[in-house]
Structure formats: C-alpha cells, structure tokens
Amino acid sequence: MRTLALVPGIALLLAGLALTGQLVAQSGETRGPAGRFAATITPVATFLTAVREERLLTLRALARPAENRAALTEQRTRLDLAFRELPADTLAEDPATATRTAVGKLRVLLDQLPAQRQAIDTAQQSAAQAYAFYNQIADTALTAQRGEPPDARFALSQSAALGIFFGAEHFARADALAAAAVGRGSLGGEDFRMFAGETGAYHAILDRGGLLVGDDGRRVVAVENALTSAGPGVTPKLPVPETEWREAAAGLLDRLTGKYLQQGGMAASSALDRGGNTLTGGLLGGAALVVFGLAVCLAGNRLANRLAARLSGLRDETLQVADRQLPELLGRVRTGEELDSGAEVYFADHGEDEIGQVADGFSEAQQSVIAAAVQEAKIRKGATAVFLSLAHRSQLLVHRQLKVLDQAERNQQDPGQLELLFQLDHLTTRSRRNAENLMVLGGSRPARQWRNPVRLDDAVRSAIAETEDYAKVGLTAVPDVYLDGSVVADLVHLLAELIDNASSFSEAGVEVRGNPVGRGLVLEIEDQGCGLDDDRRAELNALLHSPPDFSRMALSGEPRLGLFVVGTLAARHRIGVTLQESGYGGVRAIVLIRSELLSAEPVPDQADGDVPSPRPRRVATTLHMPPPKRVTPVREEGGWPAKAPYSL
C-alpha cells in the first residue's frame with residue numbers, strides 16, 4: 001500500500017526526469033540535423049554548381065570539339081577544388097541510411113571522374129554517356145544533402161528550399177542539352193525526348209513560385225520554345241543571339257541558387273531556434289515536476305501508513321477464507337450436503353469506505369460461488385439421472401428387439417428372409433452397444449450381466465459380432481479359458497470398441513489373437529491401417545490408462561469417445577490396454593486380462609441362463625473371419641452387411 005501511495009510522487013519525479021531528458025534529446029535531434037544542413041548547404045550548392053558547369057562545357061565541347069577546351073579545363077580544376085571542400089564526413093553523420101549510402105556512392109563516382117574525363121577527351125565516350133554520368137553525380141549529391149529532417153516544420157521548410165534546387169537542376173540539364181544541340185545544329189531524337197522531359201519538370205516546379213519571371217527567364221523560354229517547335233533533327237532558329245541566351249541561362253541559374261541558399265538558411269535558422277527554445281523549456285518544466293513530485297511523495301507516505309494496517313487485516317481474512325474455508329465448503333457441496341452460504345462464509349466489518357466495500361464484495365462473491373456450485377451439482381445429478389434413464393430404456397427396447405429377431409430367425413426357413421433378419425440382428429446388436437456406451441459414460445453398468453463363467457473365445461466372437469466391419473476381422477486361436485461372469489459384459493464391450501476402431505482405419509483387415517502370459521492372458525488386436533504418430537499414440541495411451549472425468553472429456557473436443565469408454569471399462573476391472581505400433585505400420589492394441597478375472601470351467605448344471613448356446617447356422621466354420629459365403633454375402637448396391645457370425 002505504501003508503494004501504491006508513493007506511485008504518484010514517484011511518477012511525477014520520473015515524468016519530470018523523462019520530460020527533461022526527452023526535451024533535451026528532442027532539442028538535440030532538432031539542432032543536430034539543422035546544424036548539419038546549415039553547415040553543408042553552401043559547400044554542396046557550390047559543388048553542384050561546379051558539376052553543372054562542367055556538364056554543360058563537356059556537352060558543348062563534344063558538340064564542337066575545336067572550341068571550349070580551355071574553359072572546360074579550368075572548370076575541371078574548379079570542380080576538383082569544390083569536391084575537396086565538400087564536407088562529406090559531416091553529411092555522413094546524418095542518421096538516415098539513404099544519406100550515408102549516398103555519401104559513399106558520391107565518393108565512388110568522384111573517384112571515377114578522372115577516367116571519365118580521359119574517355120571524353122579521347123572520344124571514347126558519347127555525349128549521352130557523359131550527360132548520364134554527371135547527372136548521376138548531381139542526383140547523389142542532392143540525396144546526400146537532403147538528410148533526415150528532425151520534425152515536420154523543418155521538413156516543410158527544407159522541402160521548399162530543395163524544391164527550388166531540384167528545379168534548378170532540371171533547368172541546368174535542359175540547358176546543357178539545348179547548348180549541345182545548338183553546337184551540333186539540332187536535337188537528336190533521344191536528346192529531344194530528354195529535353196522535353198527536363199523542360200516539363202523544371203516548369204512544373206519553378207512556374208508555381210514565379211521564379212522564371214524577368215528578362216533572363218523570357219530569353220531562356222524563347223530559346224526553349226524555338227527548339228521545341230523545330231523538333232528533332234531540325235536546325236532551330238534562335239530568337240535571341242547565342243551569347244545573350246547563354247548569359248541569360250547563367251544568370252537564371254545564379255538567381256535560383258541564391259534563392260535556394262536563402263530559403264535553406266532560413267529553414268536551418270528557424271530549426272535551430274526551435275531547438276534552443278525546446279531545451280530551455282524542458283529544463284524549466286522538468287525541474288518544476290521534480291519539486292512537485294517530492295512533495296507528493298511525502299504526503300503519500302503518510303497516507304500509506306494509515307491504510308497499510310487496514311489492508312493487511314483484510315488480506316489475512318481473505319486468505320483464510322480462500323485457502324481453508326472455501327475449498328472445504330465446495331468439497332461438502334460436491335458430496336450433496338446442504339449449506340447456508342451466508343452463515344458459513346463471512347467477513348468482519350471493515351467500515352463503509354472503499355476497503356469495507358471490497359470486503360463486502362468478497363463475501364458476496366464467495367457466497368455466489370457456493371450457490372453456483374450447489375446449483376451445478378443439482379443440475380449435473382439430474383442430467384445424469386435423465387441420461388441413464390434414457391440409456392436404460394433404449395437398452396430394454398434393444399433386448400426385446402433381439403429376442404423378437406432371435407425367434408423370427410429360428411422360425412424362418414427362407415434363406416433370403418433369413419439373411420435379412422441376420423442383417424437386422426447385427427444392426428440391433430450394434431445399437432445395444434451404443435446404448436451401453438451411454439450407460440458407461442453416465443457411470444452406470446449395463447443390464448446385460450452373466451452370473452457364471454463364459455468361454456474366452458465366445459466372448460471374443462461376440463465382440464467381433466458387434467462391430468460394423470466384422471467381415472474384415474480374423475480370429476486366430478485363443479487360450480481355452482473361462483472368464484468370470486462379472487467381467488464378461490464389460491470385456492465384450494471393451495473388445496468391440498477396440499475392434500470397431502481398428503477395422504474402421506484398416507482396409508486390409510484386422511487380426512485378433514490371444515496368448516497366456518505370467519499375469520493372466522493377453523489379447524492382441526492388430527490392424528494394417530495408417531497408424532499413429534508417437535505423440536498421438538502417447539496421448540491415447542494416457543487416456544486409456546487414466547480416463548478423466550467425462551465432463552472434462554466432453555469439453556476437450558476429443559472425437560474418440562469410444563476410447564474413453566474403453567479406458568473407463570478397463571479402469572473398472574483393472575484391465576491393461578496399451579496401443580503400440582504394429583509391424584504392418586498400423587496399430588496393435590494389447591489387452592492384458594489379469595488372472596483374477598479368469599475362472600474355472602463351470603460344471604454342466606451351472607450353465608448360465610443368460611448365455612445362449614451358439615447357433616450353428618451363424619457360426620463360422622473356422623476360427624478366422626470372414627465366415628462362409630452363406631453368411632457373408634457381397635455388399636450389393638443399397639444393401640447391408642451379412643449377419644455377424646456369433647453373438648452372446
């Protein structure tokens with residue numbers, strides 16, 4: 001509680017420190033880029049001016065090889081000097097990756113410049129190649145100059161300034177193409193396309209700012225219109241003398257560069273001023289928050305001491321109820337004991353403020369939990385009773401139906417009608433197993449029980465008869481032993497579920513065999529299906545060995561409720577059921593029947609009236625499935641399987 005009371009004061013202290021640090025950092029983020037831009041704007045502008053002039057003189061020299069050589073040599077010297085004075089290291093300090101990449105690329109291009117100049121002088125490079133190379137230098141320098149703006153206001157101001165510079169660059173490119181065209185006599189097809197593109201680009205930028213007004217602008221535009229009207233391959237007629245045109249173009253470029261330096265300087269100066277104001281305000285505001293936070297901490301500490309004792313008492317009472325009283329009461333509810341939740345769970349009076357209201361809320365919540373648990377227990381008990389009642393009724397109806405079918409089979413002599421009765425008998429037997437599944441899931445025992453021992457092979461055959469694809473199942477010899485009557489019904493049900501599951505996943509067939517072992521006997525059910533992966537097999541084995549409560553099983557979404565029934569029946573009689581990998585790639589279910597579940601052979605006068613003697617006409621001639629063709633016809637269109645060979 002003391003910590004909670006001190007949180008506002010500590011939060012104010014931290015907020016003051018965080019605000020101060022943030023504003024100091026923000027000031028640095030603003031002043032750093034603005035300072036770099038202010039320090040590099042003039043050297044970069046000088047460098048780009050030198051690049052433009054050398055590009056212009058290079059194109060004119062290539063157009064008129066006998067002229068302009070001296071001016072080109074001097075301009076190359078000026079460009080080299082401008083590059084040496086270019087603050088590349090300062091530009092590379094910008095955090096933007098694109099800026100650092102552009103600085104590195106610019107150094108590589110300028111390292112290639114001497115070789116490019118040599119190729120130009122020896123006529124090994126065309127005017128178009130030289131034009132593209134100088135354009136690449138200019139584009140890279142402009143990218144390096146842009147950097148990463150610290151805020152939106154600086155970005156807007158810088159963008160306006162750079163827009164002028166970009167417009168000036170497009171104009172310089174169009175001017176270089178025009179000067180080379182006049183030197184050669186006309187614009188070539190590709191040069192005309194580039195000239196039109198550059199002209200449109202700089203007009204789109206500079207016309208909006210009114211930067212082409214004046215005599216220089218009019219002369220430049222007039223020459224531009226003449227070149228455009230003449231078209232590619234046609235010698236234009238200049239509207240002004242070439243010397244006046246060149247002076248006008250140089251003057252326009254100088255004016256645009258000066259405008260860029262003015263706008264860029266204003267943007268950098270404004271950003272630096274904002275950074276200084278941010279730093280001053282951050283220091284003052286942070287100091288005020290720190291002082292106020294200390295005062296809040298002192299007041300909060302006094303309040304915390306008063307509340308801590310009350311909360312400690314409420315905590316002790318709550319833990320006592322949650323750890324001891326409530327679990328004990330819930331256990332009594334599950335056993336069906338009637339409780340008065342208001343008298344059993346209560347809290348002491350803690351006042352009428354928020355702490356007292358919390359204590360009352362705890363009391364009401366725990367009483368609601370107990371009431372809900374009582375109601376849930378009643379509902380589950382009633383639902384289980386209805387569930388089992390329906391299952392019992394279904395089982396009684398199935399028993400009566402089986403008796404009627406058995407009588408009809410014994411009185412019927414027509415093979416076709418007898419076959420139809422066998423099919424109905426088989427479907428009814430499977431319905432009986434489904435009804436018994438409901439009873440097992442409800443925690444009850446099926447009504448079908450045996451008092452006296454039953455032969456193991458009779459029980460296994462009966463289990464096979466209750467499966468849907470019994471014709472796939474082969475039964476090899478099993479030990480000649482008897483099962484205790486109390487386990488027969490559940491074991492038949494257990495085996496039927498395992499065999500049915502195996503046959504549904506195996507097209508090739510299922511084999512059932514039995515062998516005696518030291519602790520009793522083992523029945524193996526082996527299919528040749530697609531098998532299970534190790535993780536899934538481990539999950540199913542855990543389910544078979546320790547089946548959870550059915551409500552948890554239903555909520556888990558597990559689709560194989562038959563295996564849950566198997567696990568429940570196995571746990572009831574301590575029968576071991578384990579799934580292993582089959583040698584055929586499928587699954588082998590191993591059922592361990594303990595010696596205590598076996599019985600001695602009954603004497604003849606002890607025959608169990610509940611176990612009908614095998615009906616010879618329905619028994620297979622060997623221990624292997626499928627039975628003879630007489631009782632296992634091929635499935636016809638719209639038909640049903642034949643009667644199972646045996647049933648208990």
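All values below were derived from every heavy atom in this structure, side-chain atoms included, with hydrogens, water molecules and symmetry-related copies excluded.
The distance from atom CG of L494 to atom CD1 of I593, rounded to the nearest 0.5 Å, is 8.5 Å. Atom CG of L563 sits about 12.0 Å away from atom CD of E539, to the nearest 0.5 Å. Rounded to the nearest 0.5 Å, atoms CG (L544) and OG1 (T568) are 9.5 Å apart. Within the model, atoms CG of D500 and CG of L495 stand 12.0 Å from one another, a figure rounded to the nearest 0.5 Å. Separation of atoms OG1 (T467) and NZ (K472) is listed at 10.0 Å; rounding is to 0.5 Å.
Using modelled atom types, one side-chain atom of N541 and one backbone atom of R537 make a donor-acceptor pair closer than 3.5 Å. Without hydrogens or angle criteria, T101 side chain to T97 main chain gives a donor-acceptor distance under 3.5 Å. A distance-only check finds no donor-acceptor pair linking the side chain of R574 to the backbone of R594 [under 3.5 Å]. In this structure, S506 contributes its side chain and S503 its backbone to no donor-acceptor pair below 3.5 Å.
None of T578, L540, V577 except one satisfies the side-chain contact (heavy atoms from CB on, under 4.5 Å) rule with H545; the exception is T578. For the pairing with R588, the side-chain hydrogen bond (donor to acceptor under 3.5 Å, both in side chains) check across E581, Q580, E526 returns one residue only, Q580. Here the options are L491, V512, L483, the test is side-chain contact (heavy atoms from CB on, under 4.5 Å), and the partner is V460; only V512 passes. Between L456 and the options L523, L598, D480, V488, a side-chain contact (heavy atoms from CB on, under 4.5 Å) holds for only L523.
Of all heavy-atom pairs spanning A144 and T99, the tightest one is O-CG2, 3.5 Å. Taking all atoms of both residues into account, the shortest heavy-atom contact from D527 to G586 is OD1-CA, 3.4 Å. Heavy atoms only, all atoms of each residue included: A102 and T143 are closest at CB-CG2, 3.8 Å. Heavy atoms only, all atoms of each residue included: G518 and S595 are closest at O-OG, 4.5 Å. The two residues L592 and I575 have their closest heavy-atom pair at O-CG2, 3.3 Å. Smallest separation of non-hydrogen atoms from I525 and V510: CG2-CG1, 3.8 Å.
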Note to self: Between D458 and R461, does the salt bridge (Lys or Arg N to Asp or Glu O under 4.0 Å) criterion hold? Intermediate values first, please.
What the structure shows: CA-CA 5 Å; D458 288 344; R461 288 177 182 276; 5.4 Å; no

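Within a 6.0 Å sphere centred on OH of Y482, heavy atoms belonging to other residues, nucleotides or ligands number more than 12. Residue-environment remark: CD (E507) stays at or below the threshold of 12 foreign heavy atoms within 6.0 Å.
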